[in-house]
Amino acid sequence: MIPRVHKRGSRTIGLLHYLYGPGTHEEHTDPHLVAAWDSLAPDPGRDIEATLKELQQLLDQPVDALPASRRPDQHVWHLSVRAAPEDPVLTDAQWADIARRMVAATGIAADDDPAACRWAAVRHADDHIHIIATTVREDGRKPRLHNDAARSQAEARLIEADYGLRRLNTGDKTAAQRPTSAERHKAERTGRTRTAREELRETVRRAVAGAANDAEFFDRLGASGLLVVRRVAPSGDLLGYKVALPSDRNKDGEPIFYAGAKLAPDLSLPRIRQRYEGQEAPDETAVGSPQPRPSQARRSATGAVWTALLVIGQDDDGAAAAQIADVGEVLDALAKTSAAHTRRELSDAAFAFERASRSHIRAERQQDRVLRQAARDLVRGGPALGRGEDGAGTAMVIDMLFFLVITAAAWHAKKGHAQQAAAAQQTAEHLRAAYRNAAVAPLSVLRERGRQLTLPLQRRYSSAMREAVPDLAQRVLDEAGWPALAATLAEAEAAGHDVVPLLAEAASRRELDTAESMSDVLVWRLRRLADLPAAAGTDSPAKGTRASTIRSRQSSVPGQGSPRQDRPAPGR
């Protein structure tokens, strides 16, 4: 149940006209009163003799009784209360009870207060009501409405429990502003799946991903097709910006602009600048700085995500918050550059994780450059074709991102960030689906190669599996993905690795027995640890780099351990 305290107004009759009217596009049906301060209050919706003017005059009586000098200018209080889409349709009597509980909780009208404010609850749809009140009590005093929004939220949680409705998580005021009902109706009317505010937020976030300075950020905004207006001080300093969709216009045909802070708290220009504060923009035109290939960018991102996983596992909340925020940039960049068969789920994952990327814990951004550079390389590397090395690389990085997102969900839950934890869990489900789409082709190739191994080789790798992971070996050998793992072991051995310690190291990096397919987990771990190409039969993206060097570099991260995961790997 979602209560929302709206901006106060000065015209009671104006709000009543809206509540009892047809709505912006005839969406209001059967508007009528479900409850009011007085059981005999007139209902212009059901009583043909009652009028809006009559109801307005009764609501405004305490206001009009005051001397003109004491009357508040903004005396119209407005609260909407909306049920979740999956909730049952409530009766008028149930909505009346909810209205009385809300006015009591917010300070408008306690049950035992005969001098409370006058109010009325109007229902014009199955899933919500509007409560209108005037903020002058019968005794002429002002009601105590301090923190009314938070109190309405707290009461909504109790109502959900009492009525068996969907239990929503309590917010912490770090969420992006919700689209208004008018914005949602406009999106429906124009055939959009998301409101203009949501589309703009997604586009701006993708422009931020890996950006190194203001110039690059605004260049990306312009290239995305948005209308961009910069706010410049008389001194010439850039203070802020606002953006609009070219097709989103008001009744006068003018673009509807949104400031960055109105899209999300972390998209204001000062907050964006914090991301690249103290970070020098790399000279990508210099010798030795070629544009990375999509496959290289994905390979590098996998290592960056693993490093971030280790940081989140340490006891440093500021560093963990920065890594989690930067995961959002990697997801945005990956969605922007992904192939068609994974793009939708990755876009949905990035959209969901947006809520998980912010909390009240201040992100310490001085040492969080690895993920931002990974996001930058993904964008610079350009779109992936979704097959061969870059397709397998996409599966590999999604696999690692899944673990990180689950770790972020556990971190948020530990800190009491209910909405962020729920958003991270939702992100994991989208990543699970994206992984299935990305991994099917490269794993099919590997499985076919594994089936073609000679019987002596198959026995050797089975023995290696039993020696490296004796407790779980039989489960792995019985899985449909075992041939792909055997093919990977053959590649690793051909590259000069001893497969038993390599398997043992890969298995030690997480709790394998929680995975749906342990063989899939080990395939990607081994291919990264042994410095094998992500896809079988392609040249290594890091040719000449020994796996021992990679392991040495990873082990230099302070506090390296084996992060425990509470959920299975995606799609397994």
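The shown structure was predicted, so the numbers you read here are calculated from the model rather than taken from an experiment. Side chains included, hydrogens not; waters and symmetry mates left out as well; all remaining heavy atoms used.
Remark: Glu345 pairs with no residue by the salt bridge (charged side-chain N to carboxylate O under 4.0 Å, His left out) rule, at least two apart or across chains. With sequence neighbours left out, Gln426 forms a side chain to side chain contact (heavy atoms under 4.5 Å, CB included) with Ala352, His430. Checked against ring-ring contact (aromatic ring centres under 6.0 Å, His included), His341 has no partners two or more places apart in sequence or in another chain. Residues passing the side chain to side chain donor-acceptor pair (under 3.5 Å) test with Trp77 are Asp148, sequence neighbours excluded. Judged as a side chain to side chain donor-acceptor pair (under 3.5 Å), and not counting sequence neighbours, the contacts of Arg220 are Glu216. With sequence neighbours left out, Asp127 forms a salt bridge (charged side-chain N to carboxylate O under 4.0 Å, His left out) with Arg82. Listed by chain and number, the residues in a side chain to side chain contact (heavy atoms under 4.5 Å, CB included) with Ala261 are Ser268 (sequence neighbours excluded). With sequence neighbours left out, Arg192 forms a salt bridge (charged side-chain N to carboxylate O under 4.0 Å, His left out) with Glu199. Judged as a side chain to side chain donor-acceptor pair (under 3.5 Å), and not counting sequence neighbours, Thr427 has no contacts. Partners of Asp237 under the side chain to side chain donor-acceptor pair (under 3.5 Å) rule, at least two apart in sequence or in another chain, are Ser235. Checked against ring-ring contact (aromatic ring centres under 6.0 Å, His included), Phe257 has no partners two or more places apart in sequence or in another chain.
Within the structure, salt bridge (Lys or Arg N to Asp or Glu O under 4.0 Å) pairs that include any residue of residues 403-412 do not occur (at least two apart or interchain).
If you check the side chains of Gln419 and Arg355, you find a donor sitting under 3.5 Å from an acceptor.
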